[in-house]
Structure formats: C-alpha cells, structure tokens
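Order of appearance sets the numbers: ligands from 1, and atoms from 1 within every ligand.
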Amino acid sequence: MTKDTQAALIASAQRHLTSNYRQQPIVLVRGDGCWVWDVSGTRYLDMTAGIAVTCLGHAHPKLAAAIATQAARLIHVSNLYYNELQIRLAETLVQRSFGDRAFFCNSGAEANEAALKLSRRYQAVVRGRPERVEIIAFQGSFHGRTIATVAVTGQEKYRAGFGPLFEPVRLMPYGDESAARGAIGERTCAVIVEPLQGEGGVVVPPSAFLRLLRERCDATSSVLIFDEVQTGVGRTGTMWGYEHSGVVPDLMSLAKGIAGGVPMGVLLARGEVARGFEPGTHASTFGGNPLACAAALAVLEIFEEEGVIENCRAAGEYLQRGLERMAQKYAPRVKGARGLGLLRGLVLAEDVLPLVARCRAQGLLLSAAGGTVLRFAPPLIVKREEIDEALAILDRVLAEPAA
Ligand SMILES: *Cc1c(COP(=O)(O)O)cnc(C)c1O
C-alpha cells in the first residue's frame with residue numbers, strides 16, 4: 001500500500017472520529033517485538049509500547065496463541081457465572097501481591113473508579129462513618145478520564161469544561177510531606193497516589209513521602225490507594241511499583257500492561273477494605289472475561305519463562321545511562337534523566353511535542369509526559385541494540401537546531 005492510502009485513511013479519520021485526540025500522522029497496521037509498521041510499509045522503533053501497555057512487545061507468539069486458543073473456546077460469559085480463568089488469575093495476583101481479593105474491569109479509569117467507590121462504601125458501611133467522604137489526591141497526578149477520576153487528577157487540562165466534578169477532593173503538592181500530614185485527617189475517606197507519576201512527567205517521589213502517607217492513613221483509618229496502572233506489572237523493574245519504597249497500600253489499581261494489550265483493569269484489595277463490596281454493589285459486564293484473563297495469565301507465565309522483569313531492570317539501567325549521557329551532551333537544553341526500570345523520562349527545558357514529531361519522522365516513536373519530558377516506556381523485552389538505535393536517532397534529532 002502507498003502513502004496515498006495512508007493520507008486517505010487519515011482524511012477519513014478526520015471526518016469520522018471525534019476530535020479528542022491529537023494523533024501523529026501515521027496509520028499503524030502491524031507489529032513485531034519493539035517494531036511497528038505503518039500502512040505504507042515504513043518501520044518504526046516503538047519506545048511507547050502503546051503507552052506502557054504492550055509489555056511483551058507486539059505479536060508475542062505465545063501471547064498471540066493463548067488469545068487465539070481462548071477465543072476459539074470461550075470469550076465471554078459475564079459475571080452472572082464464575083469462569084475458571086478469572087478464578088485462576090485472581091489466585092495468582094493475590095499470591096504475588098499484598099492483595100487478598102481482586103475485582104476485574106477493563107481499564108485504568110475503571111479500576112480507580114472501583115477503588116474510590118469501594119473506599120466510600122468501606123467507610124460508610126463497614127466502618128459506619130458515612131461522613132468520611134473526602135478524597136486526597138495530588139497535583140500533577142493522572143488517574144483517568146471518567147468524571148470521578150478526572151476530579152482526582154491534579155492537572156487542569158484534563159478537568160477544564162467538565163464541571164461540576166466528583167467531590168470533595170483536595171489536591172495536595174506531590175512529594176510534600178508536611179502538606180500531606182496536615183491534609184489527611186478525620187474527614188479523609190481515602191488517599192489516591194501514584195508511587196511514581198507517569199503522565200505527570202515521570203516523577204519519582206521520596207520514599208519518605210509514601211511512608212508518611214501510610215502512617216497518616218493508619219493513624220486516621222483512611223484508605224491508601226496506589227494507582228499502579230502505569231507502574232504495575234514489571235514496568236519499574238519490580239513486579240509492583242510499591243516494592244521500591246516498601247510502602248504497602250490498601251488498594252492497588254492495575255491496567256495497561258496486565259494483559260499485554262488486551263483491555264483489562266484490576267483492583268487488588270486488602271481483605272478488610274474489600275468487605276465494602278457486597279453482592280450487587282459494584283459490577284462490570286466485560287470485567288474479567290475469559291479472553292482477557294487468558295491473556296493476563298499468559299503474560300504472567302511469559303514473565304517467569306523469559307526473565308522479563310530481570311531484562312526490564314538491566315535494560316532500564318542501560319537506558320538511564322544513555323539518557324544521562326544525552327543530558328550531559330545537550331545541557332542546558334536537556335536538564336536530566338529520571339525514572340525507574342523501563343519508565344524513564346528525559347527532561348527538557350522546552351515543549352517536547354516538536355521533538356516527538358521529529359523522532360517519528362526518523363523512525364522512532366516516543367511520547368510526551370508532563371509537557372517537557374520525553375517518555376521512554378518500551379516493551380519490557382527491549383534489547384540493548386534497540387535502545388542504542390533509539391538513542392542514536394534521538395541524538396541526531398537533538399543535534400539539529402531547535403525549530
Ligand atoms: C493510563 C493511566 C490511567 C488511565 O487508564 P485508562 O486505561 O486510560 O483508563 C490511570 N492512572 C494512571 C497512573 C495511568 O497511567
């Protein structure tokens with residue numbers, strides 16, 4: 001197919017899709033590992049992994065086979081009945097995390113929505129304190145696009161024009177212990193926080209901040225929710241992002257990488273808090289269907305078989321060293337490199353969208369985080385040579401005079 005086909009498809013997209021995205025002008029049709037191809041046959045090195053989703057890369061043969069086999073056996077039955085794969089996946093996630101129980105849904109926003117609803121109901125019904133309704137969240141955060149999750153998202157661009165939002169919510173400065181100490185009190189229902197802010201600019205908070213949140217939530221019996229939609233499932237070099245600080249939440253939301261690209265959200269809960277959900281209080285039609293669960297189980301199996309987390313840790317450190325060299329070479333335009341595992345940010349002194357476009361024109365896919373941060377979130381199976389190639393392209397782009 002030709003560039004004309006691509007231009008025609010984009011023209012159709014602009015007529016037939018709602019205009020809520022600012023899309024790069026390529027139409028992707030195929031992938032393999034860390035590479036994707038557009039409809040005109042051009043190949044790109046994918047350092048976005050579909051926004052930290054395709055943790056095993058594109059078209060992993062074992063994952064693809066697991067999905068195909070399950071599709072031919074049973075795709076969906078609803079939660080009117082048990083299904084074997086959902087039970088097996090819940091067992092596995094509970095064994096491998098702090099959680100005692102799992103609720104399945106289909107996206108990160110839904111997992112956070114479930115976390116907020118469960119926290120409210122836990123306080124009101126289990127603890128008998130219906131007045132405990134306030135949610136503490138943080139500036140720069142991202143928790144999703146539903147009305148409740150944008151209300152706890154601390155970035156005005158995601159909230160503007162959608163009011164009135166879910167309330168009461170208090171947005172506190174991220175990483176600020178003394179502000180959080182004062183805010184978490186007798187009105188607090190729950191605190192929702194990313195153990196590393198992804199969309200907000202790949203920001204790693206001090207461990208002491210997360211410890212303080214745990215202490216204050218314990219002291220006030222507030223629910224501590226970790227949004228690990230982006231940091232969970234190996235992305236930071238440990239299975240869960242909370243392992244870096246050692247701070248264990250009461251609820252943890254997952255999505256993005258959990259099923260390797262098949263839509264799935266999960267809420268993991270400590271048993272005591274999980275008591276807030278009784279039969280009929282919450283549900284999802286698609287949540288935890290056999291197809292998505294087969295994909296997630298295959299992802300977890302492949303993680304073990306192929307040492308995916310070990311690769312993530314080693315490749316992440318290698319990438320960090322490369323980004324630090326880039327920061328030195330292009331200072332002060334490039335201010336530094338940060339992150340954990342294979343969630344890394346190169347911090348610039350300028351809006352990075354023009355750089356994202358120029359990298360793409362040279363065959364490298366990257367995304368922006370927080371406006372001035374170039375985000376690297378490649379498949380967790382990325383090889384050193386691929387990182388070298390990405391850094392070489394970025395080096396060429398940064399060597400050109402700024403547009
Ligand atoms: C992506 C993301 C979400 C939203 O997930 P969706 O699947 O798009 O609803 C929520 N929280 C964090 C931390 C995310 O990175």
Using distance alone, decide if ligand 1 has a nitrogen or oxygen within less than 3.5 Å of any nitrogen or oxygen in [X].
| X | answer |
| --- | --- |
| Glu194 | no |
| Lys256 | yes |
| Gly108 | yes |
| Gly144 | no |
| Val229 | no |

Would you kindly say whether [X] and [Y] are connected by a side-chain donor-acceptor distance under 3.5 Å?
| X | Y | answer |
| --- | --- | --- |
| Glu306 | His60 | yes |
| His244 | Ser207 | no |
| Gln95 | Thr92 | no |

Can you list the ligand 1 atoms lying under 4.0 Å from a non-hydrogen atom of [X]?
| X | result |
| --- | --- |
| His143 | 10 (C), 11 (N) |
| Ala109 | 4 (C), 5 (O), 6 (P), 9 (O) |
| Ser107 | 7 (O), 9 (O) |

Sub-4.0 Å protein heavy atom near atom 8 (O) of ligand 1: no
So, do [X] and [Y] sit near enough that their side-chain heavy atoms are less than 4.5 Å apart?
| X | Y | answer |
| --- | --- | --- |
| Gln123 | Glu131 | no |
| Ile26 | Arg360 | yes |
| Glu194 | Gln230 | no |

Is the cationic atom of Arg344 (NZ for Lys, CZ for Arg) positioned less than 6.0 Å from the six-membered ring centroid of Phe376 and within 45 degrees of its normal? no
Is there a ring pair (Phe, Tyr, Trp, His ring centres under 6.0 Å) between Phe277 and Tyr122? Walk through the geometry before answering. CA-CA 8 Å; Phe277 277 168; Tyr122 167 70; over 10 Å; no
Select one of side chain, backbone, both or neither to describe which atoms of [X] lie under 4.0 Å from any atom of ligand 1, heavy atoms only.
| X | answer |
| --- | --- |
| Glu228 | neither |
| Asn112 | side chain |
| Ala255 | neither |

Do the rings of Phe98 and Tyr242 sit parallel, tilted or perpendicular, given the 30° and 60° boundaries? perpendicular
Heavy atom of the protein closest to atom 11 (N) of ligand 1 (residue, atom name, distance): Asp227 OD2, 2.7 Å
